[in-house]
Chemist: 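Got a structure for you, questions after.
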Amino acid sequence: MLNKKENGPDKIVQAAIETIEEVDFLLITQLTAWFVLSGYLEIMRNGSDILIRTGDIFVLNKGDIVRVIGSEENSTLTVKFLTGEYQEEFPPFKLNIPLSMVYKKDGYELVKKGMAYLYLEMIYPGDGSDYMIEGYSKRLIGLFYRYLGAADEKEQAHAASDKVKEIVSYINVNYAEKLSLDEIAEKFYSSKYYLAHSFKTQLGISIGNYIKEVRLFHSFRMLESTNNKIVTIAFECGFPNARSFNEAFKMRYNLTPAEFREERQNRAVQNHTDGTLSQDVVALLSPYVPIGDLPTASASAPDRIEVKIDLHKTIGRHSKVNHVLKIKGELTDSRLLEVRQRLGVKWVAVAHIFKKVDIQLIEGKLVCSFRELDRKLKQIVSVGMVPYLQFQSIDFDDWEERGFPNKKGFQTVLTELSLHLQQNYGTSQDWMYEFRCFYEQQNSRELCMPLVNAISIFKGYLNVVIHFPMPPEDAVSLDMDCRNAVYCIDDWTHMRKIPLEAALNYLFDEAFIRVIGSSTNMKAQDRILDRMQIYEQDDDLHAYSELAQASANIWQYISLRNQNEIAGHYFSPLSLDSAKLFEYFPDELASKLSLCTLDGRYKDNWYATEFVNRLFDELVFQNKSCIVTKRQENYRILIVYPEEELHLMINQNQEPFKLVWHKAKSPYVYVNLELTSLEGNYRLIKQRLTPEQVDQRLDLSELRKCKKLSSEDIAYWNAINRPSRSVEQLKIKGNHTLEFEVALFGIVMIDLEKTND
């Protein structure tokens with residue numbers, strides 16, 4: 001039923017915020033637009049099932065017959081366009097998918113604002129409101145023409161026949177009268193048996209039950225909106241007596257009319273007083289209308305972030321994660337330079353080392369050629385980056401696959417490599433040498449002993465790193481003193497110091513071998529993959545899975561700051577081109593987490609990493625989704641759609657994903673940053689990475705089909721794929737307020753650059 005909260009009738013249009021709980025069969029008598037402000041609606045219209053979620057807009061044509069099921073206490077802005085006796089009827093408009101931030105985005109933005117402004121003018125009229133209301137209603141009709149178009153006859157084929165529509169209309173008007181099948185058949189010149197059959201076939205309900213449903217519908221409205229006696233309501237709605245009304249109402253709503261009225265009176269809330277919007281209406285409209293356009297604003301309205309920031313104060317130093325770049329294919333120097341300059345990556349991983357060494361057994365002696373490895377190392381060094389050599393159990397596997405006679409030769413090759421690096425690279429002492437000594441890809445409780453023994457070969461190097469699945473007890477922070485120290489790194493890439501002797505002892509600790517043997521690290525990666533697949537399995541969200549992962553990367557980074565962790569103590573792998581972050585990664589997950597495709601097209605992770613790298617060193621402010629940094633009088637602000645809001649749509653409470661997505665509060669979060677202590681001329685640069693940019697990629701569907709793209713194609717793709725950018729000049733004296741919206745999965749980067757103008 002429709003539980004009206006607000007109403008503002010007018011000669012040409014009506015608007016109300018309603019709770020649409022359930023409507024079994026409703027004939028739409030006027031062109032109607034539904035804008036779901038909270039909750040969701042499931043409707044069956046002319047034989048089709050349609051889901052309308054929070055923020056969606058749907059248009060119902062005159063003559064549509066619908067069933068509706070709404071979530072508890074949903075709030076829907078309903079606008080009805082009235083036609084008089086002498087006014088031309090509106091055509092049926094074409095809409096089978098709700099307008100949303102995803103579907104027909106441009107039209108959606110205009111329609112949602114038009115409906116909200118029309119509603120505000122109707123409930124809080126002022127000078128000229130009649131003209132404003134007329135203008136908004138005509139504008140909305142024009143927007144329907146432009147963005148929806150008229151439906152053709154084929155699309156109306158599933159609607160009820162004209163005769164059945166006439167009968168439904170007759171019942172809707174005369175429900176208070178004594179109606180019977182015989183009387184209706186006689187009025188419409190039809191056999192009662194044929195009429196009953198065609199009505200039930202087309203609408204799925206008998207004429208008698210439809211009459212009862214209409215009467216219950218109107219009695220529901222009267223119980224809410226009037227103080228009439230229950231017996232009076234029974235007669236006015238067509239029931240023969242109060243007893244039959246009580247029985248029918250209780251069967252339908254599980255309450256007697258008296259119990260229903262008492263319950264609704266107890267729940268009644270005064271929605272507005274003294275010409276200002278109530279807080280619940282503010283909360284409903286604020287995600288969709290600029291807050292300044294509302295009659296009142298609430299600092300506690302949901303889906304808003306409001307912060308006052310003194311830009312002269314600093315709360316600490318801002319450090320960045322030490323990313324270790326993983327590369328799958330061959331790259332040019334120019335691409336590596338771009339990664340260093342734009343993403344701030346210093347370290348480049350060199351793995352599968354034994355595959356890059358030519359080893360031959362000549363007259364019983366091992367002869368090594370490092371030509372292929374040198375080619376890789378020299379490329380890294382030439383662009384100003386630093387090699388991060390990873391020795392792993394897979395290297396010993398490679399050694400054994402070649403069929404060499406003994407394990408001792410494995411140490412011989414590594415000794416030769418150590419001497420080669422010292423003789424040919426003056427900077428080799430500054431490189432990282434990581435040893436992953438556990439068999440991570442097997443359900444094994446073993447160490448790769450030849451790799452453990454090889455650690456001593458590099459004992460004199462400054463940056464020897466030993467991997468443990470979790471930090472050993474003797475490990476200390478990087479900023480603490482530690483004698484005879486090497487580094488240890490855990491599964492979360494947190495780097496610490498530990499004495500070499502202690503590290504070697506811990507390698508044999510049963511606790512670490514047990515963790516590796518149970519494959520807990522691989523299971524963790526499977527959970528990440530499962531979470532990402534949640535998006536991909538949703539019909540509407542699958543297109544945004546890359547953007548969701550990019551947002552999650554920024555949350556993780558900001559989370560380090562909020563936990564007082566020093567980001568610079570993390571050496572996190574970064575996949576450039578679908579390279580595995582760790583050897584036990586599934587190929588599918590490696591592909592999803594990469595920065596670029598194999599042919600060089602940037603993914604959303606690229607831009608998220610770039611945004612984080614561009615932050616300044618002085619930290620001014622941070623919360624769970626926003627970070628503000630400065631350098632002298634220049635400021636950089638990074639904000640992401642809050643993780644808590646997104647968790648409303650994820651399986652946080654072990655509910656089916658579809659159900660939780662229904663409960664989403666809003667596809668937008670509105671941000672108000674009040675910046676104080678700001679003086680001078682500034683250039684405001686705003687970059688956004690949002691679902692809107694993702695939608696633009698749909699135009700590149702033909703490029704997606706190509707197995708090989710030219711460099712021009714890739715450049716075009718990256719130009720379309722990049723964040724949107726806007727620039728404006730500001731003259732600020734003291735304070736300035738930044739107000740903007742962050743879309744679902746969205747990321748916003750703002751630069752305030754001081755100019756000398």
Chemist: About how many Å separate CD1 of Ile455 and CD of Glu434, when rounded to the nearest 0.5 Å?
Modeler: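 Rounded to the nearest 0.5 Å, the CD-CD1 separation comes out at 10.5 Å.
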
Chemist: Got Gln687 and Val748 here, is their nearest side-chain heavy-atom distance under 4.5 Å?
Modeler: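 Counting from C-beta outward, Gln687 and Val748 never come under 4.5 Å.
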
Chemist: Might you confirm whether atom CD of Gln556 has over 12 heavy atoms from other residues, nucleotides or ligands at distances under 6.0 Å?
Modeler: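 Count not over threshold, so no.
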
Chemist: Taking Asp713 for the side chain and Ser710 for the main chain, is one N or O donor matched with an acceptor at less than 3.5 Å?
Modeler: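 Pair found, side chain donor or acceptor close to backbone of Ser710.
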
Chemist: Kindly determine whether Val350 and Leu377 satisfy side-chain contact (heavy atoms from CB on, under 4.5 Å), including the steps that lead there.
Modeler: CA-CA 8 Å; Val350 182; Leu377 296 174; 4.1 Å; yes

Chemist: Which heavy atom of Asn605 sits nearest a heavy atom of Leu593, and at what distance?
Modeler: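 For Asn605 and Leu593, the tightest heavy-atom pair comes out as ND2-O, 3.2 Å.
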
Chemist: If you measure from CZ on Phe611 to CD1 on Ile750, what distance do you get to the nearest 0.5 Å?
Modeler: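 Going from the CZ atom of Phe611 to the CD1 atom of Ile750 covers 10.5 Å.
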
Chemist: For Arg614 and Met749, work out which heavy atoms get closest and say how close.
Modeler: NH1-CE, 3.7 Å

Chemist: About how many Å separate OH of Tyr607 and CD1 of Ile554, when rounded to the nearest 0.5 Å?
Modeler: 13.5 Å

Chemist: Can a donor-acceptor pair be found, under 3.5 Å and without considering hydrogens, that links the side chain of Asn322 to the backbone of Gly568?
Modeler: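 Yes; at least one donor-acceptor contact below 3.5 Å.
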
Chemist: Please evaluate residues Leu389 and Ile353 with respect to the criterion side-chain contact (heavy atoms from CB on, under 4.5 Å), reporting the C-alpha separation (whole Å), side-chain torsions for both, the decisive distance (0.1 Å), and the verdict.
Modeler: CA-CA 8 Å; Leu389 280 74; Ile353 292 172; 4.1 Å; yes

Chemist: Side chains of Val348 and Pro387, heavy atoms from C-beta outward: is any pair under 4.5 Å?
Modeler: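 The answer is no, as the side chains (C-beta and beyond) never meet within the 4.5 Å cut-off.
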
Chemist: Are the side chain of Lys356 and the backbone N or O of Ala351 linked by a donor-acceptor pair below 3.5 Å?
Modeler: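 Between the backbone of Ala351 and the side chain of Lys356 there is a qualifying donor-acceptor contact (under 3.5 Å).
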
Chemist: Would you compute the distance between atom CD1 of Ile380 and atom CH2 of Trp347 and round it to the nearest 0.5 angstrom?
Modeler: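 Going from CD1 on Ile380 over to CH2 on Trp347, the span is 11.5 Å.
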
Chemist: Less than 4.5 Å apart, any side-chain heavy atom of Asp751 and any of Asn634?
Modeler: no

Chemist: Under 4.0 Å between a Lys/Arg side-chain N and an Asp/Glu carboxylate O for Asp599 and Arg601?
Modeler: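 Judged by the 4.0 Å cut-off on N to carboxylate O distance, Asp599 and Arg601 do form a salt bridge.
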
Chemist: Please determine whether side-chain contact (heavy atoms from CB on, under 4.5 Å) holds for the pair His312 and Glu633, giving the CA-CA distance in whole Å, both sets of side-chain angles, and the decisive distance to 0.1 Å.
Modeler: CA-CA 9 Å; His312 275 186; Glu633 296 184 78; 5.8 Å; no

Chemist: Side-chain contact test, heavy atoms from C-beta onward, threshold under 4.5 Å: evaluate it for Leu507 versus Ile466 and give yes or no.
Modeler: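 Leu507 reaches Ile466 side chain to side chain.
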
Chemist: Enter the distance from Met432:CE to Ile489:CD1 here, rounded to the nearest 0.5 Å.
Modeler: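 One gets 8.0 Å once the value is rounded to the nearest 0.5 Å.
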
Chemist: Taking all heavy atoms of Phe468 and all of Cys488, pick out the closest pair and write down the distance.
Modeler: CD1-CB, 3.8 Å

Chemist: Classify the ring geometry between Tyr388 and Phe571 as parallel (under 30°), tilted (30 to 60°) or perpendicular (over 60°).
Modeler: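 Taking Phe571 first and then Tyr388, their aromatic rings sit tilted (interplane angle of 30° to 60°).
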
Chemist: So, Trp431 side chain and Leu421 main chain: donor-acceptor pair closer than 3.5 Å or not?
Modeler: no

Chemist: Using modelled atom types only, decide if a donor and an acceptor are shared between the side chain of Arg683 and the backbone of Leu730 within a distance under 3.5 Å.
Modeler: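 Checked: no pair found.
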
Chemist: Say you draw a straight line from OH of Tyr682 to CD of Glu728; how long is it, rounded to the nearest 0.5 Å?
Modeler: 14.5 Å

Chemist: Spell out, as yes or no, whether a donor-acceptor pair under 3.5 Å connects the side chain of Asn553 to the backbone of Ala550.
Modeler: no

Chemist: Would Leu595 and Leu574 count as a side-chain contact (heavy atoms from CB on, under 4.5 Å) if you check the C-alpha gap in whole Å, the side-chain angles of each, and the deciding distance to 0.1 Å?
Modeler: CA-CA 8 Å; Leu595 300 176; Leu574 204 62; 3.8 Å; yes

Chemist: Classify the ring geometry between Tyr461 and Tyr433 as parallel (under 30°), tilted (30 to 60°) or perpendicular (over 60°).
Modeler: perpendicular

Chemist: Heavy-atom distance under 4.5 Å between the side chains of Phe435 and His467, does that happen here?
Modeler: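 No; the side chains remain at least 4.5 Å from each other.
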
Chemist: Salt bridge check: are Lys328 and Asp577 linked by an N-O gap of less than 4.0 Å?
Modeler: no

Chemist: Do the charged groups of Glu338 and Arg340 touch, with an N to O distance under 4.0 Å?
Modeler: no

Chemist: Going by the angle between their ring planes, with limits at 30° and 60°, are Tyr544 and Phe745 parallel, tilted or perpendicular?
Modeler: tilted

Chemist: Do Ile315 and Val620 touch side chain to side chain, with heavy atoms closer than 4.5 Å?
Modeler: no

Chemist: Kindly indicate, with the supporting measurements, whether the criterion ring pair (Phe, Tyr, Trp, His ring centres under 6.0 Å) is fulfilled by Phe616 and Tyr635.
Modeler: CA-CA 8 Å; Phe616 292 132; Tyr635 304 91; 8.2 Å; no

Chemist: Return yes if a side-chain donor-acceptor contact under 3.5 Å exists between Lys592 and Ser545, otherwise no.
Modeler: no

Chemist: What are the two closest non-hydrogen atoms of Ser591 and Lys603, and how far apart are they?
Modeler: O-NZ, 2.5 Å

Chemist: I'd like to know if the side chain of Ser393 and the backbone of Cys437 have a donor-acceptor N/O pair within less than 3.5 Å.
Modeler: no

Chemist: Could you check whether Ser677 and Asp310, counting side-chain N and O atoms only, form a donor-acceptor pair closer than 3.5 Å?
Modeler: yes

Chemist: Whether the side chain of Arg342 engages the backbone of Asn613 through a donor-acceptor N/O pair (distance < 3.5 Å, no angle test) should be reported.
Modeler: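 Not confirmed, Arg342 side chain does not pair with Asn613 backbone.
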
Chemist: So does Lys105 pair up with Glu109, basic N to acidic O under 4.0 Å?
Modeler: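 Yes, this pair counts.
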
Chemist: Under the 3.5 angstrom rule, does the side chain of Gln379 hit a backbone N or O of Leu331 as a donor-acceptor pair?
Modeler: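 Pair found, side chain donor or acceptor close to backbone of Leu331.
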
Chemist: Is it true that Arg375 and Glu330 have a side-chain N and a carboxylate O under 4.0 angstrom from each other?
Modeler: yes

Chemist: Are Asp479 and His569 close enough that a side-chain donor and a side-chain acceptor fall under 3.5 Å?
Modeler: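 No, because no side-chain N or O of Asp479 sits under 3.5 Å from a partner of the opposite role on His569.
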
Chemist: Applying ring pair (Phe, Tyr, Trp, His ring centres under 6.0 Å) to Tyr557 and His318, what does each step give before you reach the verdict?
Modeler: CA-CA 11 Å; Tyr557 180 77; His318 168 252; 5.7 Å; yes

Chemist: Can you tell me if Lys630 uses its side chain to pair, donor with acceptor, with the backbone of Leu311 under 3.5 Å?
Modeler: yes

Chemist: Does one side chain, of Tyr716 or Asn721, offer a donor that lies under 3.5 Å from an acceptor on the other?
Modeler: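 No, because no side-chain N or O of Tyr716 sits under 3.5 Å from a partner of the opposite role on Asn721.
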
Chemist: So do Lys497 and Tyr487 actually touch side chain to side chain, heavy atoms under 4.5 Å?
Modeler: yes

Chemist: With the side chain counted from C-beta on, respond yes when Phe512 and Met470 share a heavy-atom pair under 4.5 Å apart, and no when they do not.
Modeler: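 They are in contact (side-chain heavy atoms under 4.5 Å apart), so the answer is yes.
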
Chemist: Can you name the closest pair of heavy atoms from Ile558 and Cys626 and give their distance?
Modeler: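 In this case the closest contact between Ile558 and Cys626 is CD1-N, 4.0 Å.
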
Chemist: Looking only at heavy atoms, which two atoms of Leu576 and Arg335 are closest? And how far apart?
Modeler: CD2-CG, 4.3 Å

